Amino acid sequence: MTMTDEFDQLGNLAPAPRASDAARARALAAAMQAFDETEKNAAPGKGSSWWQRQSSVLNRIWSTRMVTQHRYLAGSALATMLIIPTAALLTFELTRGNLPNSGQVALPQVLDAPKPTVERGPVPSVAKPAEPRQQEAVRGSDAAPSAQPRQSDFDASDVARLLNKREASGGAAKGSVAPAPVAPPPVMAERAVPLAAAPRYAPTEREILPTLEESRDRFANANTNPVKSVATDPVSTFSVDVDTASYAFVRRSLLEGHLPDPDSVRVEEMINYFPYDWPRPQTVDEPFRTTVTVTPTPWNSGTRLMHVAIKGFETAPAAQPAANLVFLIDVSGSMNAPDRLPLLKSAFRLLVGKLKPEDKVSIVTYAGNAGTVLEPTSARERDKILAAIDNLRPGGSTAGAEGIDAAYRLARQAFIQGGVNRVMLATDGDFNVGVSSDEELKRIIEQRRKDGIFLSVLGFGKGNLNDSLMQMLAQNGNGTAAYIDTLAEAQKALVDEAGSTLFPIAKDVKIQVEFNPQQIGEYRLVGYETRALKREDFNNDRVDAGDIGSGHAVTAIYEVTPKGSASALNDPLRYGPAAASAPIPVSDEMAFVKIRYKQPDGDTSKLITTVVTEMNAVRDFSTAPQDVRFATAVAAFGQKLRGTDALDAYPYRLILDMARNARGEDAFGYRGGFLDLVRLAETLDRR
């Protein structure tokens, strides 16, 4: 593109009268003088002059916007870089009254200024000329302002106002970054305009905030599990976790070209994202089967890994009970993005295609207030359900608590005795209108759970995702939390794995492992930080825990240090138990695994136990079962992304080799996708 073409495009921004030669000369002279004073006469010292600060803010905002939108020019650049932004800066300061003037502003037309002869760098192209507020004011337009201000309507003064407000209150919020792209004020035609005649819309902080912060995502996480001494703390207790949200979010981060937030990495969810062919129970009377395998630790020759794997009974589709599903859909304004409401609608269309004729579907939306879009409707009326989904439109704030109340009312109205009654919440963020206390929401969901209505949560989008709230709602609603970043993920979560997602075979599933101090000196549970339970919670049936669906596979991994290993981190106790007068027989048991669960409609738990001995061990890691080796590779990768000290020195290439050698049959390509993520992470970590 030639410089003439660039000026022609810029000239289309404002259909203003052609300026005189004198006006153009004055504007160019003023721009050059301002540039020279800024570049050559800058005062030394730690700070910058007022003029430099304002200029640098605009330059940073402008350049960031161009990088974000991937719009570049390769031709002559200094003309626009020097004249247009500098003249825009002059206009900006005149409109704010910071430069001498007497109540009226002469806005120079510089679009046809002569070209400088030296190039300095790329400038933004003008793909879609906009009509900013300042242009409307100059033209004296009587048109009403748009009801929904665009992001491009926020100019540098809006950003500066918010930044000043933040500085006055003690600085930017956590997670904030340098101001995001905001275009500088446009260049306008020469015309005397009274300042009072150009009122401008003042956007709220909430409207500007997304342009200033890279992300406001919040994650449910805790400090990485420590190494514990068996002598002082021999028992480990936790709730199972079948959620997969963390893996999908980590994948999205890596595919977007950056390492994930360590707090977004929940290692157990990454491990449990993949299907495993663990030995399965033979009858429904045995809801799941436990398999324990002990292997050497690939990243530490002085420790071993103990895999505790659970495989749930898989009910045949014909034997699955009828389902009463209520889709609770966030249609607030923030859902107006391709990876939010449009993706959500496609995901629910897939799920509707999986339902049986005897199933029922209701739809509730929330945005400002809740509304019923579809009363309980038989899945036979598929066209009616799909039409209701297709007609969803975004707009408003997020009255999530009110939506939950409305959804549960419909679930009770269409309740199927002996069937599956579930609310499926789909959202991208917070419940910011109405009852928004986490404890209040938890109370509501716990009460409905007791009535036999469960809750699952689907997260969409990025930048405002309240993952911690999603986790809390799903855990207390006897449901699962998934993150849908692509239509392929929706297919996996809602179609391919619909049985495990919708049809529970056991609830309140807890695992407790007791280690034998004669065999094991230390242990560390990999993941499950947010699912930790007290030792006494294991036998307390009033304490809620995770659920397992039809065919679900759940894996937990302990890194254990054998007694006497040089890799032990804890010293022996000086004042420990006195040595017995007679030798104590050494037991060949390493650990004792206990699992408690309830039937989906039961209130009393049942117990399953498994003894772990050397019979469960393999001497060489390469001879371990294929699924054990792949799960270990995923565990290593998750710990490395999370920043776990034990994996600091273990390279990505060894994780990649481990996973590649254990890939096995990969019908849906999930494991192949994992290999790609390891490669990406290695590249990004080097950077």
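Keep in mind it's a predicted model, so treat the numbers as computed, not measured. What you see below is based on every heavy atom in this structure, not just the backbone, and it leaves out hydrogens, waters and symmetry mates.
Counting only heavy atoms from C-beta outward, the side chains of I363 and V326 never approach each other to under 4.5 Å. Within the 4.5 Å cutoff, the side chain of R642 has heavy atoms near those of the E529 side chain. Side-chain contact between L502 and L351 is present, with heavy atoms from C-beta onward closer than 4.5 Å. The closest side-chain heavy-atom distance from V331 to L341 is below 4.5 Å. The shortest distance between side-chain heavy atoms of Y247 and V267 does not fall below 4.5 Å. Residues F219 and S264 form a side-chain contact, since some pair of their non-hydrogen atoms from C-beta on lies under 4.5 Å apart. Here the side chains of P262 and L641 are not in contact, with every heavy-atom distance at 4.5 Å or above. A heavy-atom distance below 4.5 Å is found between the side chains of L343 and L487.
Closest non-hydrogen pair, D547 versus G479, comes out as OD2-N, 4.0 Å. Taking each heavy atom of A347 and A490 in turn, the nearest pair found is CB-CB, 3.6 Å. Between G463 and D217 the shortest heavy-atom distance is N-OD1, 2.9 Å. Taking each heavy atom of D428 and R340 in turn, the nearest pair found is OD2-NH1, 2.8 Å. Taking every heavy atom of both residues into account, A481 and Q471 meet most closely at CB-NE2, 3.8 Å. Heavy atoms only, all atoms of each residue included: A426 and F348 are closest at CB-CE1, 3.7 Å.
Screening residues 469-487 for salt bridge (charged side-chain N to carboxylate O under 4.0 Å, His left out), with sequence neighbours left out, gives R251-D485.
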Show the numbers, then the answer: is there a side-chain contact (heavy atoms from CB on, under 4.5 Å) between Y483 and L458? CA-CA 6 Å; Y483 178 73; L458 304 175; over 6 Å; no

Step by step, work out the ring pair (Phe, Tyr, Trp, His ring centres under 6.0 Å) result for Y670 and F274. CA-CA 7 Å; Y670 301 145; F274 298 92; 7.2 Å; no

Stepwise, does the side-chain contact (heavy atoms from CB on, under 4.5 Å) test hold for N478 with D544? CA-CA 9 Å; N478 278 14; D544 184 52; 3.2 Å; yes

Before you tell me yes or no, could you show the steps for L328 and Y366 under side-chain contact (heavy atoms from CB on, under 4.5 Å), namely the whole-Å CA-CA distance, both residues' side-chain angles and the distance that decides it to 0.1 Å? CA-CA 8 Å; L328 175 57; Y366 62 93; 3.6 Å; yes

Applying side-chain contact (heavy atoms from CB on, under 4.5 Å), run through V457 and M424 and close with a yes or a no. CA-CA 6 Å; V457 185; M424 303 191 71; over 6 Å; no

Verdict with reasoning, F674 to F637, per ring pair (Phe, Tyr, Trp, His ring centres under 6.0 Å): CA-CA 10 Å; F674 174 77; F637 184 57; 5.3 Å; yes

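With hydrogens and angles ignored, the 3.5 Å screen pairs a side-chain donor or acceptor of E269 with a backbone N or O of A245. Not a single donor-acceptor pair under 3.5 Å links the side chain of S378 to the backbone N or O of E381. In this structure a side-chain-to-backbone donor-acceptor pair under 3.5 Å is present from D359 to A323. Judged by distance alone, with hydrogens and angles left aside, the side-chain atoms of D685 form no donor-acceptor pair with the main-chain N or O of A681 at under 3.5 Å.
Under the side-chain contact (heavy atoms from CB on, under 4.5 Å) rule, V364 has a single partner from I329, D405, L410, L374, which is L410. Here the options are D467, D261, D243, the test is salt bridge (Lys or Arg N to Asp or Glu O under 4.0 Å), and the partner is R266; only D467 passes.
For D241, the salt bridge (charged side-chain N to carboxylate O under 4.0 Å, His left out) test picks out R531, with sequence neighbours left out.
Side-chain atoms of N336 and S334 include no donor-acceptor pair closer than 3.5 Å. A side-chain N or O of Q491 and one of D496 form a donor-acceptor pair less than 3.5 Å apart. Counted by atom type alone, R422 and S456 present one or more donor-acceptor pairs between their side chains at under 3.5 Å.
Here the straight-line distance linking atom CZ of R449 with atom NZ of K507 works out to 8.0 Å at 0.5 Å rounding. The distance from atom CZ of R443 to atom CD1 of I445, rounded to the nearest 0.5 Å, is 10.5 Å. Atoms CD1 and OG1, from I271 and T244 in turn, are 13.5 Å apart once rounded to the nearest 0.5 Å. Atom CG of residue L425 and atom OG1 of residue T427 lie 6.0 Å apart, to the nearest 0.5 angstrom. Between the OH atom in Y408 and the CG atom in N421 there is a gap of 11.0 Å [rounded to 0.5 Å]. Once rounded to the nearest 0.5 Å, the distance linking CG of L455 with OG1 of T480 reads 9.0 Å.
Look at E256 and R252 and you find a salt bridge, because one of the NZ, NE, NH1 or NH2 atoms lies within 4.0 Å of a carboxylate O, short of that distance. Salt-bridge annotation for D390 and R349: present, with a side-chain N of the basic residue lying under 4.0 Å from a carboxylate O of the acidic one. Remark: R448 engages D451 in a salt bridge, criterion side-chain N to carboxylate O under 4.0 Å.
The number of heavy-atom neighbours closer than 6.0 Å to NZ of K384, taken from other residues, nucleotides and ligands shown, is 12 or below.
Figure legend: cation-pi geometry between K492 and F668 absent, as NZ or CZ is not positioned both under 6.0 Å from the six-membered ring centre and within 45° of its axis.
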